[in-house]
Number of protein chains: 2
Amino acid sequence: MKIRDKHLTRKRLIASVGSLLAKKGFKGIGVNAVAREAGVDKVLIYRYFGGLSGLIAAYGREGDFWPSALELAGGDLRAFAESSLSERLSAMGKNFIRALRQRPVTCEIMVWEMSERNELTEELEAVRESSMVEFFNMFLAGPLEKKNEVPDSQILSADDLQAIVMLMGAAISYLVLRSRSIALYGGLDLSSDSGWQRIEQAMAKMIEAMTRG
Amino acid sequence: MKIRDKHLTRKRLIASVGSLLAKKGFKGIGVNAVAREAGVDKVLIYRYFGGLSGLIAAYGREGDFWPSALELAGGDLRAFAESSLSERLSAMGKNFIRALRQRPVTCEIMVWEMSERNELTEELEAVRESSMVEFFNMFLAGPLEKKNEVPDSQILSADDLQAIVMLMGAAISYLVLRSRSIALYGGLDLSSDSGWQRIEQAMAKMIEAMTRG
DNA sequence: GATTTTTGTCACCAGTCGGTGATATTGTGT
DNA sequence: ACACAATATCACCGACTGGTGACAAAAATC
């Protein structure tokens, strides 16, 4: 007989998923744990969300745990669209690194999606995928063809470009996820900002070499 | 009063860790589950290995769950050392992809190491790290300087080369790990061999563009 | 042959898990 | 004032977890 407010209780439960993910990781997510964290009886999870998967889905829909296309573009879509391909790729890499590094909960979810596939992770993945598609539509189908003053698309086909962007994203994802538990990865410093700057520089060099063709 | 053979029992327990990792993933690893899988009482885990972490350490020491430098070089160290830098990088990428894709247990362990850091994963990680250092010593410090007929090292410093190799490894690791639960990643087909060939081609193009400078 | 050490089985502990049915309390409409 | 629905609490279930102490049987030692 505490609050008697369904909306507030729902919000508390959803928020508890996030704070529990941040504190204990995805291993700490469970009906009992979430209810305990929210200071609420666990039976309300079943009543209001139909179970833990429903609660997770609600959490996935609420939060901004995935960077938007705008954020990956650096905050200014116009300036982004008008820059050269190599500049765009480099900027995207840097922004993606920053976006991931400051979203520990997102990293936790990414690892979760890698470690088990169930109703819970599938709900979260749907949100992520739609964001990714949105960004690639903007980035690949959009300014690539409009900026015909850059002739480097002769060397990199649209297919190759897509693969390269995905490879960059994959590498960044892996390194950021690893940086949560190890400081050094094959000689790369994943713990300090200067270490990440070195990674960004190496990526910029790669990109420049490729686009210069 | 079954077998009365300490060595065999130890082997059974160690093997059960592997088969359980393959069947249920790292979430299925536990004292009860491993003992049940081995058809042995769980108290023997404590007696023979001092606990689950000791058993995991023993498992890590036994298996060849991590590709050797020889395997990453393609089986012929001499031929590998005599090829050009871009050829070596491409070959290493391909071999690493193949090595990871045919080692599901290794993938499981990699995800495990990403998702929690404890005595169990630290034991496994030590084995992995030493293998990586071995390979990089062979690959970077070794043939890079001896093959001075290739002039592209003027553009790529040893530092950059190391970062690039690690970025490639990170990208491959991420994509292979993702391929266990999703078939498409941002348009890349991770489920078929032809999809992986396309990824290898994109990597080869990147490498060639970079080393050609 | 008797004793001790090794090897393995079993029963039990307290704690957590996901899940459910019964019940108490509050707010609302009549 | 009364009935009724919405909201939240509680007690319990069976199953599983990591961990331990008591004990039985086989093997090695004396």
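Quick note on labels: first sequence line is chain A, next is B, and so on, each numbered from 1. These values consider heavy atoms only, across backbone and side chains, with no hydrogens, waters or symmetry-generated copies.
In this structure, CZ of A/F49 is placed 17 Å from C1' of C/dG19, rounded to the nearest angstrom. Rounded to a whole Å, the NE2 atom of B/H7 is 15 Å from the C1' atom of D/dA27. Look at NZ on B/K27: it is 12 Å from C1' on C/dC17, rounded to the nearest Å. C/dT9 atom P lies 15 Å from atom CG of B/N32, rounded to whole Å. Counting to the nearest Å, the C1' atom of D/dT17 and the NZ atom of B/K42 are 8 Å from each other. Taking atom CG of A/L13 as the reference point, atom P of D/dT9 lies 11 Å away to the nearest angstrom. Across the protein-nucleic acid pair, A/K6 atom NZ and D/dA6 atom P stand 9 Å apart, rounded to whole Å. In this structure, A/L44 atom CG and C/dT20 atom P are separated by 14 Å, rounded to whole Å.
Listed nucleotides C/dG19, D/dG19, D/dC10 differ in distance to B/V31; the shortest reach to its side chain belongs to D/dG19. The side chain of B/T9 approaches C/dG8 more closely than any other nucleotide in the set C/dG8, C/dT9, C/dC17. Distance from the side chain of A/A33 is smallest for C/dC17 among the nucleotides C/dG18, D/dC10, C/dC17. The side chain of B/R4 lies closest to C/dT6, out of D/dA8, C/dT6, D/dT20.
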- Item | Test salt bridge (charged side-chain N to carboxylate O under 4.0 Å, His left out) applied to B/E62 and B/K11, step by step | CA-CA 10 Å; B/E62 308 262 317; B/K11 279 215 161 198; 5.4 Å; no

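Remark: B/Y48 is in phosphate contact with C/dG8, judged by side-chain N or O atoms under 4.0 Å from OP1 or OP2.
Each of A/D41 and B/I29 lies near DNA chain D, and the nucleotide nearest A/D41 is the one positioned closer to the 5' end. Nucleotides of DNA chain C nearest to A/R47 and B/R47 differ in position, and the one nearer the 5' end is that of B/R47.
Under the side chain to side chain donor-acceptor pair (under 3.5 Å) criterion, the residue pairs touching residues 13-42 of chain A are A/S19-A/E37, A/K23-A/E37, A/K27-B/E116, A/N32-A/K42, with sequence neighbours excluded.
Side chains of B/I109 and B/F26 form no contact here, defined as non-hydrogen atoms less than 4.5 Å apart. Residues A/L167 and B/L175 meet the side-chain proximity criterion, which asks for heavy atoms closer than 4.5 Å.
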Which atom pairs, one a donor and one an acceptor, fall under 3.5 Å between side chains of residues 94-101 of chain A and the rest of the protein, sequence neighbours left out?
from   : atom 1 : to     : atom 2 : distance (Å)
A/N95  : OD1    : A/R98  : NH2    : 3.4
A/N95  : ND2    : A/L72  : O      : 2.9
A/N95  : ND2    : A/A91  : O      : 3.0
A/R101 : NH1    : A/D193 : OD1    : 3.1
A/R101 : NH2    : A/D193 : OD1    : 3.3

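Using a 4.0 Å heavy-atom distance criterion, A/R36 is classed as a sugar-phosphate-only contact.
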